[in-house]
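Every number for a ligand or one of its atoms is a count from 1 in the order of the listing.
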Amino acid sequence: MSTVTMKFGGTSVGSVEALSQAASIVEENAEKWDRLVVVVSAMSGITDALIRGARTAAAGDDQTYRSIVSELRIRHYRVVDGLLTSDGERADLLAMIDGALDEYAAFCHSVYVLGETTSRAMDTISSMGERINARLMAALLRRRGLRSEAVDATELIVTDNTFQNAVPLMDATRQRVEARIGPMLDQSIIPVVTGFMGATEEGITTTLGRGGSDYSAAILGSCVASDEVWTWTDVDGVLTADPRLVVDARVIPVLSYSEVSELAYFGAKVLHPRTLRPLIERGIPLWVKNTFNPTVPGTCIVGEPESVPGTIKAVTAIRGLSMVTIEGRGMIGVPGIAARTFAAVASQGASVLMIVQASSEQSICLIIPTEMAEPVMAAVEEELALELARRDVDRVWAMDDIVIVSAVGWGIRGTPGVAARVFGALSDDDINVIAIAQGSSECSISLLVAAGDAAAAVQQIHSEVIINGTT
Ligand code: ADP
Ligand code: ASP
Ligand code: MG
């Protein structure tokens, strides 16, 4: 029996035309596969708008969320009016949209009254777009004669309570999916599941992090034992670089799980960084395809790399970072400074993207999101107060506007000359490299550059190493 799980991203379900195209894709594939699970994101821009409404409410603004409600009502009504006009369900769907938006407005009002919001509340608020869209998509599929039902992932994906970045509890999730989705699939009903969200064991809504619908699809795909998971987006597949930065970025036909994990971790927005985890265990291939160009095959992501080791396949950039440096001659050989520093960083919940330590041990540099720089510095200074007073540690300081540029491809570590090619490309353009990290992973080499040099660095590596390297 063949099973596929298909996820449609924000732009793929972001307008009347896109939803209609997505429904056609489902319809066509419903004939080819025995069992089909659909996962949908909110319409493009909706999650941002929902979050903006709640944040402005927390800051004492009682108006912005109200105008957001009006905008969102118009956008969702347009779908019903455009695609489901003569439908018997029309009134129910409009009432569903109103109900969800009224609930959203009520949440924002409480946030406004309290003057603050919690990450727990943000998860309930920010996942409202998925809840509406799953119902619209299921109605659209029914309209086309398919059997379909919307399912909230709060019924399926059980997570821990790390709000805004929850971790799925796979055994519990598998049981729920088997109980709730299994019977639907056995009756050829297509479940349309909300992406992005889950719930704790107690039923409190959580989300899997921004862009998390890819991850939802992989979790569900694994739990229904999909033969394949497909993510439908607005580009032809995983590209050699961000197409907004590099105009001649090309589709990469095949990538390995580890290459893609690295790409996503280092900022390629095309997939959520944790997407591959549930797939690796069961060896399920993932396809990235273009909703608006469905006949091109897209990118296939599989377990085994098949390329020549050391081939750089893609280049990415993560912006908005700061480099926090802890420096001092007295740090040499003092055991435990690094451990205490990292404990202080962890106490702030900051994710460290990269660590650079000079072999002289005179400094430790941590690359973290800029918004965490202040609290992290304060925590490190508190932890190392004694060493600072003794001048074993001279200072803790931050450099902002840092970008990590990463070149990704399997086998980089073991292949001589790869770093030289990357540096050669940058020196051709007089780009200064602040620091480099290589070796922690087989699949990437990362450079730190100033924000002003990032676009040029990506373009240079793309043209000199990727394009010239393959032709
Ligand atoms: P979706 O809503 O379908 O999940 P996203 O906007 O989250 O879509 O991700 C797709 C976008 O990621 C593309 O439109 C593209 O601009 C961007 N992107 C950045 N880097 C890459 C890359 N290396 N390959 C493909 N797309 C990329
Ligand atoms: N709608 C969510 C977001 O914008 C999840 C997703 O699109 O994958 O982050
Ligand atoms: Mg996405």
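For the residue pair Ser322 / Asp400, a side-chain donor-acceptor distance below 3.5 Å is found, with atom types taken as modelled. No hydrogens or angles considered: a donor-acceptor pair under 3.5 Å links the side chains of Ser226 and Thr5. Side-chain atoms of Thr64 and Asp61 include a donor-acceptor pair closer than 3.5 Å.
Between the Glu464 side chain and the Val422 main chain, no donor and acceptor come within less than 3.5 Å of each other. Proximity of a side-chain donor or acceptor of Glu28 to a complementary backbone N or O of Ile25 within less than 3.5 Å is not detected. Side-chain N or O atoms of Asp123 include none that pairs as donor or acceptor with a backbone N or O of Phe163 at under 3.5 Å. Using modelled atom types, no side-chain atom of Asn293 and backbone atom of Val296 make a donor-acceptor pair closer than 3.5 Å.
Pairs engaging residues 225-247 under the salt bridge (Lys or Arg N to Asp or Glu O under 4.0 Å) rule: Asp242-Arg244 [sequence neighbours left out].
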Sub-3.5 Å pairs, protein N or O with ligand 1 N or O:
from: ligand 1; atom 1: 2 (O); to: Gly10; atom 2: N; distance (Å): 2.9
from: ligand 1; atom 1: 3 (O); to: Thr233; atom 2: OG1; distance (Å): 2.7
from: ligand 1; atom 1: 4 (O); to: Lys7; atom 2: NZ; distance (Å): 2.9
from: ligand 1; atom 1: 6 (O); to: Lys269; atom 2: NZ; distance (Å): 2.9
from: ligand 1; atom 1: 8 (O); to: Thr233; atom 2: OG1; distance (Å): 3.2
from: ligand 1; atom 1: 14 (O); to: Asp234; atom 2: OD1; distance (Å): 2.7
from: ligand 1; atom 1: 14 (O); to: Asp234; atom 2: OD2; distance (Å): 3.4
from: ligand 1; atom 1: 16 (O); to: Arg244; atom 2: NE; distance (Å): 3.2
from: ligand 1; atom 1: 23 (N); to: Leu239; atom 2: O; distance (Å): 3.1
from: ligand 1; atom 1: 24 (N); to: Leu239; atom 2: N; distance (Å): 2.9

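A heavy-atom cutoff of 4.0 Å around ligand 2 is satisfied by the protein residues Ser41, Thr47, Glu130, Phe196, Arg210, Gly211, Gly212, Ser213.
Asp453 meets the salt bridge (Lys or Arg N to Asp or Glu O under 4.0 Å) test with no other residue; sequence neighbours excluded.
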